[in-house]
Amino acid sequence: MDGDGRCQGCGQDLGEEELILHEGERLCEECYFDRCHRIKVCDPWGERSKRVFREMAGLEGTEGLTEVQAKIYELIRSRDGASPEEIGREFGLSPAEVQNEFAILRHCQLVKGKRAEGKMLFVPW
Ligand SMILES: [Zn+2]
């Protein structure tokens, strides 16, 4: 086997079943979220300003989220987990847009990523 279980981000050898398939790349969890982070950096709103804003405004739960973010959160909660593909289909978002929304929800500690059968699943925090 030539590096089948290797993360294409950092080269760590984790074994195939531990890797997450993300836009054609096999990544460990860390690199997966690193990719999300890089997408998020391009987001003018950003994770940090979003959280600071929420803290300053004393917002909790889904308060202060955009309509789409709140709906994604509701979907994930009602189904007890949803894949990025499902969310993309449901809301007509591109994979990058799904990652962006997820990154914000994740940093608001509403949802988190979970590996299920080598794929990423978004589940309630
Ligand atoms: Zn990695």
Side-chain angles (χ1 to χ4, degrees):
M1 302 293 274
D2 55 337
D4 241 358
R6 220 170 269 276
C7 167
Q8 286 177 256
C10 63
Q12 216 185 142
D13 198 352
L14 290 166
E16 202 173 347
E17 66 284 358
E18 290 296 311
L19 296 176
I20 300 149
L21 200 58
H22 175 62
E23 290 171 1
E25 284 187 297
R26 293 134 109 54
L27 301 169
C28 71
E29 197 170 3
E30 223 169 288
C31 291
Y32 177 82
F33 285 119
D34 189 51
R35 292 291 193 279
C36 298
H37 186 72
R38 251 178 258 170
I39 296 164
K40 195 173 57 206
V41 168
C42 309
D43 174 12
W45 239 31
E47 159 240 318
R48 201 185 177 83
S49 58
K50 176 86 184 175
R51 194 163 57 183
V52 168
F53 164 76
R54 283 168 57 86
E55 273 164 16
M56 276 170 49
L59 296 178
E60 287 194 6
T62 56
E63 288 177 83
L65 296 177
T66 67
E67 206 180 318
V68 171
Q69 285 158 7
K71 281 183 180 165
I72 291 172
Y73 175 59
E74 280 309 314
L75 179 90
I76 291 169
R77 238 178 29 160
S78 68
R79 294 187 189 171
D80 211 31
S83 69
E85 292 79 14
E86 253 178 277
I87 291 165
R89 261 203 313 276
E90 202 86 23
F91 297 100
L93 300 172
S94 73
E97 285 169 328
V98 172
Q99 296 300 340
N100 250 329
E101 303 296 6
F102 170 67
I104 291 164
L105 290 171
R106 183 171 185 263
H107 282 275
C108 296
Q109 303 202 339
L110 293 170
V111 301
K112 61 185 174 181
K114 191 183 132 189
R115 251 194 318 266
E117 290 158 21
K119 288 203 145 196
M120 185 49 83
L121 197 66
F122 299 160
V123 296
W125 188 272

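Ligands are counted one by one from 1 in listed order, and the atoms in each one are counted from 1 as well. It should be emphasised that the depicted structure is a prediction, and the values quoted were computed from it without experimental measurement. Residues take their numbers from the sequence shown, with the count starting at 1.
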Next on the checklist: Under a 4.0 Å threshold between the charged nitrogen and the carboxylate oxygen, would Arg89 count as salt-bridged to Glu86?
Outcome noted: no

Next on the checklist: Tell me whether the rings of Phe122 and Phe102 are parallel (<30°), tilted (30 to 60°) or perpendicular (>60°).
Outcome noted: parallel

Checklist outcome for this item: CD (Glu18) and CZ (Arg26) are apart, to the nearest 0.5 Å, by 12.5 Å

Item to check | Trace of the side chain to side chain donor-acceptor pair (under 3.5 Å) decision for Gln99 with Tyr32 | outcome: CA-CA 10 Å; Gln99 296 300 340; Tyr32 177 82; 3.2 Å; yes

Checklist entry - Charged N to carboxylate O under 4.0 angstrom, Glu67 versus Lys71? => result yes

Item to check | Near the Zn ion (ligand 1) (under 2.8 Å) - protein N, O or S atoms | outcome: Cys7 SG, Cys10 SG, Cys28 SG, Cys31 SG

Checklist entry - Got Phe91 and Leu75 here, is their nearest side-chain heavy-atom distance under 4.5 Å? => result yes

